[in-house]
Amino acid sequence: MTTCGASRAALPCSALAERTPLQDIIADLKWRGLVHQQTDEKLAAWLGEKSRTLYAGFDPTADSLHVGSLIPLLMLRRFQKAGHRPIALVGGATGMIGDPSGKSEERNLLDVDALAANVAGIEAQMRMLLDFEGDRGAKLVNNFDWMRSFSYLDFLRDVGKNFPVSVMMAKDSVKTRLGRDDVGISYTEFSYMLLQAYDFVHLHEQFGCELQLGASDQWGNITAGIDLARRMKSVQLYGLTCPLLTKSDGAKMGKTESGTVWLSPSRTSPYAFYQYWINVDDADAGKCLRFLTELEQKEVEALDAARESDPGKRESQKRLAEELTRMIHGDAGLATARRATEIFFGAEISELSDAQLGEIFADVPSQQLARERLEGEGLNVVDALVEASLAGSKSDARRTVAQGGAYVNNRRVENVDAQLGPADLASETVMVLRSGKKKYALLRFKA
RNA sequence: GGGGGGUUUCCCGAGCGGUCAAAGGGGUCAGACUGUAAAUCUGAUGGCACUGCCUUCACAGGUUCGAAUCCUGUACCCCCCA
């Protein structure tokens, strides 16, 4: 994975930081629907005056970001492209506390080692989307670095003093938790906003950061930071939030039955990632294109029109999947995803290598069998299906075959008595079994 | 404490001595159709050595040539009266 990642629609990373003059980023964000709330209506003009420094925070709850973090991260990228300097803040310290916003329960605290590993993983992913070179290069900071040595007493005197409890209690994030009698909120989580508020002040002092971006649930934390800066330093800072990415049915984007859609290829294969976007509902496709790609307005609107007139073609979804897979997994990742798609949807499998199959079927369960089972009489299809766990019993397997639902290397098996031999291997040692439309399993035959 | 009802295959629910691996629905699986959608339609749905055999109807015994169905006891659940 190269530092510069995989953007094609976007400019090469190296050009991001140098790009001038300033573009009207707010106008772009507005048509995309990415502006939820802003602290000042004159933000556009303010940003037009000169290159500004801004930041967004990310939770290090795992060693990879997921689709949900993509919007703010792309926001940073958009600002950088428009001529500003982004800072990505990884919440090594705040991650130990847990943000009560949008959560219904107290969070489990992470230990220091786990956090360090998570921060490292996330950092690598950010390097794909942001340009860290040059004087307008992005910065990556970890609030653990400045919070670790901040003593409790000093923090209470310098920061806590500026927070009226009445104001803190009034924040939605706290209020909703206090309103419930089944969960409550600990003092630790209650203090969370102080930490995030202080981050903003610190980044302003250290890097001249003046604007904080976040999802809409961050509004309270952002304004807390702005208030704190005014009280502590008498400076005016700004905030901008974007909507949360939700589906038309209200559910969160980026979740499948099998779990979260991650950016890391070891957690979510490029194929699974690609498939996630291919399967986006028509109703959500336009929003995703606006929120998550860098396609221009004209292009997005053309896709809207195409979706309207010929939804079956699913041009929007295809384009979305293509853009995002390339952005996150590079051209090579996109190629893999596409080839996997072709094969998953019926293309007969032959003349492939173990390595290729391994890549394509990365998410598919496999079972190892002795090579001898293919010799002589061969392996009965029914037994093969059972070994591969595609059938719960031999009866079940027989039924599947009888009903025309069993495939070997994507070739339908016609006969219950079929025997599989070495000729049925798709590669050196692997046989691809399938039951139904897209339930796959591999059998690996080792000597 | 007294009286009554219940416990069926993944779920709901029929069955009330042989024709019961057990109706029907849901779910699930497969097929057709389709936009890798939704809806719809068709088939399948205990196991195996599969025109046959074996194991299942709360559990343990019993009556019968034969029981998910009858009897006895045990466990759990529900309702009514105190």
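Here is the naming used below: chain letters follow the sequence lines, and residue numbers restart at 1 for every chain.
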- prompt: Using a cut-off of 4.0 Å on non-hydrogen atoms, how would the nucleic acid contact of A:Asp282 be classed: base, sugar-phosphate, or nothing?
  reply: base
- request: Rounded off to whole Å, could you give me the CG-to-C1' distance for the A:Asp396 and B:G31 pair?
  value: 15 Å
message: For B:U7, give the paired nucleotide (Watson-Crick: N1-N3 plus N6-O4 or O6-N4; G-U: N1-O2 and O6-N3; both under 3.5 Å), or none.
response: B:A75
Nearest-Å distance for atom pair CG/P, residues A:Asn410 and B:U36: 16 Å
field: Whether A:Phe190 and A:Tyr187 hold their rings parallel, tilted or perpendicular, with breakpoints at 30° and 60°
entry: tilted
task: Compare the minimum distances between each of B:U45, B:U36, B:G35 and the side chain of A:Lys438, then state the nucleotide with the smallest one.
output: B:U36
message: With a 4.0 Å limit, can you tell me whether A:Arg434 has a side-chain N or O closer than that to the phosphate oxygens OP1/OP2 of B:C29?
response: no
message: Less than 4.0 angstrom between a side-chain N/O of A:Thr341 and OP1 or OP2 of B:U36, yes or no?
response: no
- prompt: To the nearest angstrom, how far is A:Glu308 atom CD from B:G35 atom C1'?
  reply: 16 Å
message: I want to check something: taking the side chain as every heavy atom from C-beta on, are A:Leu442 and A:Gln367 in contact at a cut-off of under 4.5 Å?
response: no
task: Take atom P in B:U74 and the same atom in B:G26, then report the distance between them in whole Å.
output: 41 Å
statement: When both distances are under 3.5 Å in a Watson-Crick or G-U wobble arrangement, the nucleotide paired with B:A14 is none
field: Counterpart base for B:G1, defined by Watson-Crick or G-U wobble contacts under 3.5 Å
entry: B:C81
message: Taking only the P atom of each, what is the distance from B:C78 to B:G25 in whole angstrom?
response: 31 Å
- prompt: How is A:Tyr407 classified with respect to the nucleic acid when contacts are heavy atoms under 4.0 Å: base, sugar-phosphate, or nothing?
  reply: sugar-phosphate
- request: Between B:U69 and B:C80, how far apart are the C1' atoms? Round to whole Å, please.
  value: 28 Å
- request: Tell me whether the OP1 or OP2 atom of B:U36 has a side-chain N or O from A:Tyr271 closer than 4.0 Å.
  value: no
- request: Would you verify whether the NZ or CZ of A:Arg373 falls within 45 degrees of the ring axis of A:Phe445 while also being under 6.0 Å from that six-membered ring's centre?
  value: no
- request: Can you tell me the distance, in whole Å, between the CG atom of A:Asp417 and the P atom of B:C50?
  value: 10 Å
A:Glu189 side chain near A:Arg177 side chain, heavy-atom distance below 4.5 Å: yes
task: In plain terms, say whether A:Asp331 and A:Arg326 are close enough for a salt bridge, that is, a side-chain N and a carboxylate O under 4.0 Å apart.
output: yes
message: Quiz question: going by heavy-atom distance under 3.5 Å, is there a donor-acceptor pair between the base of B:G35 and the side chain of A:Asp310?
response: no
- prompt: Starting at CH2 of A:Trp277 and ending at P of B:U36, how long is that distance when rounded to a whole Å?
  reply: 20 Å
field: Complementary nucleotide of B:C41, counting Watson-Crick and G-U pairs under 3.5 Å
entry: B:G31
field: Earlier contact from the 5' end, RNA chain B, for A:Ile278 and A:Ser393
entry: A:Ile278
Atom C1', compared across B:G66 and B:G18: separation rounded to whole Å: 6 Å
field: B:A67 to B:G62 separation - P atoms, rounded to the nearest Å
entry: 12 Å
- request: For this output row, return yes or no: ring centroids of A:Phe344 and A:Phe361 closer than 6.0 angstrom.
  value: yes
statement: With the side chain defined as heavy atoms from C-beta on, A:Ser395 is closest, among B:U34, B:G35, B:C48, to B:C48
- prompt: From B:U34, B:U36, B:C50, pick the nucleotide closest to the side chain of A:Lys437?
  reply: B:U34
query: Which whole number of Å gives the distance between the P atom of B:G15 and that of B:A82?
result: 33 Å
query: If you measure only the distance, is there a donor-acceptor pair under 3.5 Å linking the side chains of A:Gln196 and A:Gln218?
result: yes
- prompt: Which one, B:G31, B:G35, B:U36, comes nearest to the side chain of A:Tyr274?
  reply: B:U36
task: Spell out yes or no: do the side chain of A:Gln403 and the base of B:G43 have one donor N/O and one acceptor N/O closer than 3.5 Å?
output: yes
- request: Looking at every strand, decide which applies to A:Arg314 at a 4.0 Å heavy-atom threshold: base, sugar-phosphate, or nothing.
  value: base
query: For A:Lys394 and A:Gly312, take the nucleotide of RNA chain B holding the closest heavy atom to each; which residue's nucleotide lies nearer the 5' end?
result: A:Gly312
task: Determine: side-chain N/O of A:Arg399 to OP1/OP2 of B:G47, distance under 4.0 Å, yes or no.
output: yes
- request: Tell me the partner of B:C48, counting only Watson-Crick (N1-N3 plus N6-O4 or O6-N4) or G-U wobble (N1-O2 and O6-N3) with both under 3.5 Å; none if nothing fits.
  value: B:G52
statement: note: A:Ile343, atom CD1; B:U36, atom C1'; distance rounded to Å ~ 16 Å
field: Nucleotide forming a Watson-Crick or wobble pair with B:A23, both distances under 3.5 Å
entry: none
- request: Can you tell me, in whole Å, how much space there is between the C1' of B:C65 and that of B:U45?
  value: 34 Å
field: Whole-Å C1' distance, B:G46 and B:C57
entry: 12 Å
task: Nearest whole angstrom, please: distance from the P of B:U36 to the CG of A:Asn279.
output: 10 Å
statement: Taken to the nearest whole Å, CZ/A:Phe345 to P/B:G35 is 14 Å
task: Can you figure out which of B:G35, B:A30, B:G47 approaches the side chain of A:Gln317 most closely?
output: B:G35
task: State plainly whether the residues A:Asp284 and A:Lys287 are in salt-bridge range, i.e. N to O under 4.0 Å.
output: no
statement: A:Lys439 has its side chain closest, among B:U36, B:C29, B:G31, to B:C29
